[in-house]
Amino acid sequence: MESARIVARRIWREGSLTVGGRSIPEETAVALTFNGGTYAVMMTTPQDLEDFAVGFSLNEGIISAASDINSLDIMPLDDGVELRMWLTKTKADGLQRRRRHIAGPTGCGLCGIESIAEALRPTAVIGCGRQFSPEQIMMAMQGLSSRQKLNIETRAVHAAAFWSATSGIVALREDVGRHNALDKLSGALARASIVADEGIILLTSRVSVEMVQKSASIGAPVIVSVSAPTALAVRMADAAGITLAAIARADGFEVFTHPHRISNAVAAASDTIVASACLGRAFSDAI
C-alpha cells in the first residue's frame, strides 16, 4: 500500500497557468476488529499500521500492553484495510462488556464516546519526571522537520515524535490525522518496549484534549507542539501533571502548565506550584 501518489494538477500562480504532477497523501478506510467484531473504522494513512493497531488499542483502553494482542493481521480489502486482532481472554471479555461501534472521520480522537463524562475522563497522573532545558526543547523541535519524510513529499500530514535526552528523536510517525499519528507513535513505543517517562512528546498539530489524554496514556511528562492548545487541553494537562509547551517557533515557545520540568522556569515557580505539580491535583478541581 502506497502512502502517497502522484496526481495531475493545473497550477495558477503569478498570473500564469502551468500543468504538472503533485504528490499527495493517501487516505484509507482502516477497520480495527477484535475477536471477530468491528470496533472502529478510521480514515488513516496506510503506513505503520501495526503501530496504529497497537497504539489505538492502548489509548482506547482495550489493552494494557502490546502482549495483550495474541495475533495481529493486516488484511487488504477492495475498499480499505482490516487490522484483525485477537485478544487474550481477559481483554476479550472486558471488550465484550463495552458497547461501542464507531465510524469516524479523519483522525477523530473521541469517536464513539458515549457520554460527556467519558469524553472528559480523568487521565493518568504523571510523576515528577526529569527536567529539560529550553535549549533541549528547541533542539528537539528543530529536529522534527527533516525527519518528516512523508510531509516533505506531500506537505499534507501531521507528525508525532518521541525525544529523549540520551538518544534524540527515538521514533516519529506521520498521518493525515493528528490523533492517528499519536496512536502510531504510542504503538511504536510499546512494541519497542520504550518507557516514555524520561522524554518529550513532540507534535506538529494543535493540542486538543484528546491529544493530552493519549500522551498521558503513553506516560510522557512533557508535550511540546508547534500550535496552540485549547483551554480544555490546558486544564487536562494541568490535572494530569503534564508540562504543556506550545507555539514552539524558531525563537522560543510558551509554557502553559507545570513549568518545573523546564529548568529555567524553576525560579519562576513557587515551591507550592512545584509540589502540587508532582503530586497532581484532583481532576474535578481542574476541570
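These figures come from a predicted structure and were not determined experimentally.
For the pair Met1/Glu26, no side-chain contact is recorded, criterion being any heavy-atom separation below 4.5 Å from C-beta on. The closest side-chain heavy-atom distance from Ile247 to Phe256 is below 4.5 Å. Between Phe253 and Ile262, the closest side-chain pair of non-hydrogen atoms falls below 4.5 Å. Counting heavy atoms from C-beta on, the side chains of Glu198 and Thr166 never come closer than 4.5 Å. Residues Pro134 and Ser263 have side chains in contact (heavy-atom distance under 4.5 Å, counting atoms from C-beta outward). Under the 4.5 Å side-chain criterion, counting only non-hydrogen atoms from C-beta, Asp197 is not in contact with Ile126. Counting heavy atoms from C-beta outward, Met141 and Val226 have side chains that approach closer than 4.5 Å. Counting only heavy atoms from C-beta outward, the side chains of Lys91 and Ile62 never approach each other to under 4.5 Å.
Within a 6.0 Å sphere centred on CZ of Arg249, heavy atoms belonging to other residues, nucleotides or ligands number more than 12. The neighbour count for Arg9 CZ, taken as heavy atoms of other residues, nucleotides or ligands under 6.0 Å away, is above 12.
Taking every heavy atom of both residues into account, Leu83 and Ala53 meet most closely at CD1-CB, 3.8 Å. Of all heavy-atom pairs spanning Asn59 and Lys214, the tightest one is OD1-O, 3.8 Å. The minimum heavy-atom distance linking Ala29 with Val41 is given by the pair CB-CG1, 4.3 Å. When all heavy atoms are compared, the tightest approach of Ala196 to Pro221 is O-CD, 3.4 Å. Listed here is the closest heavy atom pair of Ala233 and Pro229: CB-CB, 4.4 Å. For Ala246 against Ala228, the heavy-atom pair with the smallest separation is CB-CA, 4.3 Å.
In this structure a side-chain-to-backbone donor-acceptor pair under 3.5 Å is missing from Gln142 to Ala250. Between the side chain of Arg261 and the backbone N or O of Cys128, at least one donor-acceptor pair lies under 3.5 Å. With hydrogens and angles ignored, the 3.5 Å screen pairs a side-chain donor or acceptor of Thr45 with a backbone N or O of Val176.
Rounding to the nearest 0.5 angstrom, the gap separating the OG atom in Ser57 from the CG atom in Asp183 is 9.0 Å. Taking CD1 of Ile218 as the start and CG of Leu185 as the end, the distance is 5.0 Å to the nearest 0.5 Å. Note that CG of Leu49 and CG of Asn180 are 10.0 Å apart. Values are rounded to the nearest 0.5 Å. Rounded to the nearest 0.5 Å, atoms CE (Met43) and OG1 (Thr28) are 6.5 Å apart. Between the CH2 atom of Trp163 and the CD1 atom of Ile201 there is a distance of 13.0 Å, given to the nearest 0.5 Å. For the atom pair CE (Met42) and CG (Leu32), the distance works out to 8.0 Å, reported to the nearest 0.5 Å.
For Lys89 and Asp93, the salt-bridge test passes: some basic side-chain N is under 4.0 Å from an acidic carboxylate O. Classification of Asp48 and Arg173 as a salt-bridged pair holds, one side-chain N sitting under 4.0 Å from a carboxylate O.
With sequence neighbours excluded, the residues forming a side chain to side chain donor-acceptor pair (under 3.5 Å) with Gln47 are Ser3, listed by chain and number. Phe34 pairs by the ring-ring contact (aromatic ring centres under 6.0 Å, His included) definition with Tyr39, not counting sequence neighbours.
Of the options Asp175, Leu203, Ile223, a side-chain contact (heavy atoms from CB on, under 4.5 Å) to Leu182 is made by Leu203 and by none of the others. Under the side chain to side chain donor-acceptor pair (under 3.5 Å) rule, Arg178 has a single partner from Ser225, Ser227, Ser205, Ser208, which is Ser208.
Between Asp238 and His258, the side chains place a donor N or O and an acceptor N or O closer than 3.5 Å (distance only, hydrogens not considered). Checked by atom type, the side-chain pair Glu82/Thr33 shows a donor-acceptor distance below 3.5 Å.
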Result block: side-chain N/O donor-acceptor pairs under 3.5 angstrom for residues 68-80, not counting sequence neighbours:
| residue | atom | partner | partner atom | Å |
| --- | --- | --- | --- | --- |
| Asp68 | OD2 | Ser64 | N | 2.7 |
| Asp68 | OD2 | Ala65 | N | 3.0 |
| Asn70 | ND2 | Leu87 | O | 3.4 |

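Leu95 and Trp86 are assigned to two separate hydrophobic clusters, defined by single-linkage of ILVMFWY side chains at heavy-atom distances under 4.5 Å. In terms of hydrophobic clustering, with Ile, Leu, Val, Met, Phe, Trp and Tyr side chains grouped at heavy-atom distances under 4.5 Å, Met139 and Val224 are assigned to a common cluster.
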